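Quick notes on the structure that follows.
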Amino acid sequence: MALVTYEEAAGVGLQKFHKPFATFSFANHTIRVRQDWRQLGVAAVVWDAAVVLSTYLEMGAVDLRGCSAVELGAGTGLVGIVAALLGAHVTVTDRKVALEFLKSNVQANLPPHVQTNAVVKELTWGQNLESFSPGEFDLILGADIIYLEETFTDLLQTLEYLCSDHSVILLACRIRYERDNNFLAMMERQFTVSKIYYDPEKDVHIYKAQKRIQRGDL
């Protein structure tokens, strides 16, 4: 999958993406993540969905203490960093080309005693799933990861593989195009999906999903 820019990326509001660092305050920590739009494009800048999902986690709606979590398409790693600071054991994932960049952000923003709770690992959706255990995680996190239609089938396969019957998926996204709604419709065939949060200022929705219980499982 190529690292491409959003169609909106030719327009206004891109100045913040070209800054070498983006700074945030979460979980009583100052988080300063490096950005690299020129080299890695969308994988290396902080999108609003990551900020909104991090804010939602900090609100305490999900008990992260001791939780086994994974962030998909982590990019800068902001969401995974916040989850680790809040007590989760987090596997922060992205494709191989972005791993060193991702790893540098995670290491730079987690205190030594928290770094043991965060692992950076390669995950290309639908490809190297055997390096993970089926149903391995309590919580699956994704911020702005549903923008490329050609990845939808692989992403759904990955979610299905990583989820147990008790796992919770939290996806934060801005609904930009009809294809975004198409993904949610595809997802509802395998998962129960509900909107649980909306940030009107940033126009970002958070959806919660869990595996549908099949009648044969009852």
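Heads up: numbering here begins at 1 and tracks the sequence. Owing to the predicted nature of the structure, the values given are computational and were not obtained by experimental measurement.
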Straight-line distance of [X] [atom1] to [Y] [atom2], nearest 0.5 Å:
X: I31; Y: S54; atom1: CD1; atom2: OG; value: 7.0 Å
X: F191; Y: S167; atom1: CZ; atom2: OG; value: 9.0 Å
X: L99; Y: K96; atom1: CG; atom2: NZ; value: 8.5 Å
X: F152; Y: L155; atom1: CZ; atom2: CG; value: 8.0 Å

Min side-chain heavy-atom separation [X]-[Y] under 4.5 Å:
X: I146; Y: M187; value: no
X: D144; Y: D48; value: no
X: V52; Y: Y197; value: yes
X: T93; Y: V120; value: no
X: L139; Y: S68; value: no
X: I81; Y: V33; value: yes
X: T30; Y: F24; value: no
X: F26; Y: V51; value: yes

Run through T116, D138, N117 and flag the one making a side chain to side chain donor-acceptor pair (under 3.5 Å) with H89.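 Only one of T116, D138, N117 forms a side chain to side chain donor-acceptor pair (under 3.5 Å) with H89, namely N117.
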
Do R34 and S104 meet the criterion of a side-chain donor-acceptor pair at a distance under 3.5 Å?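 Distance-only check passes for R34 and S104.
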
So, D199 and Y56: side-chain donor and acceptor under 3.5 Å apart, yes or no?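 No.
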
Could you walk me through whether I175 and L184 satisfy the side chain to side chain contact (heavy atoms under 4.5 Å, CB included) test, starting with their C-alpha distance in whole Å, then the side-chain angles of each, then the deciding distance to 0.1 Å, before giving a yes or no? CA-CA 10 Å; I175 302 299; L184 294 172; 4.1 Å; yes

Between [X] (side chain) and [Y] (backbone), is there a donor-acceptor pair under 3.5 Å?
X: R174; Y: H205; answer: no
X: T158; Y: G126; answer: yes
X: E136; Y: S133; answer: yes
X: E71; Y: L141; answer: no
X: Q35; Y: P20; answer: no
X: H29; Y: A27; answer: yes
X: K211; Y: Q190; answer: no

Residues N128, S131; criterion side chain to side chain contact (heavy atoms under 4.5 Å, CB included); working and verdict: CA-CA 6 Å; N128 58 327; S131 63; 4.0 Å; yes

Holding to ring-ring contact (aromatic ring centres under 6.0 Å, His included), I want the full list of residues that pass it with F132, two or more places apart in sequence or in another chain.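 Testing F132 for ring-ring contact (aromatic ring centres under 6.0 Å, His included), a comparison that skips the adjacent residues, returns none.
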
What do the steps show when you test L57 against L86 for side chain to side chain contact (heavy atoms under 4.5 Å, CB included), and what is the final call? CA-CA 8 Å; L57 294 178; L86 292 170; 4.0 Å; yes

Answer yes or no: is there an ion pair linking R212 with E188, defined by an N-O contact shorter than 4.0 Å?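 Between E188 and R212 there is no salt bridge, as every charged N stays at least 4.0 Å from the carboxylate O atoms.
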
For Y198, does the six-membered ring have the charged nitrogen or CZ of K195 within the cation-pi criterion, i.e. under 6.0 angstrom from the centroid and within 45° of the normal?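 Yes, a cation-pi geometry holds between K195 and Y198.
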
For I169 and K208, what are the C-alpha separation, side-chain angles and deciding distance, and is it a side chain to side chain contact (heavy atoms under 4.5 Å, CB included)? CA-CA 6 Å; I169 301 167; K208 175 183 177 181; over 6 Å; no

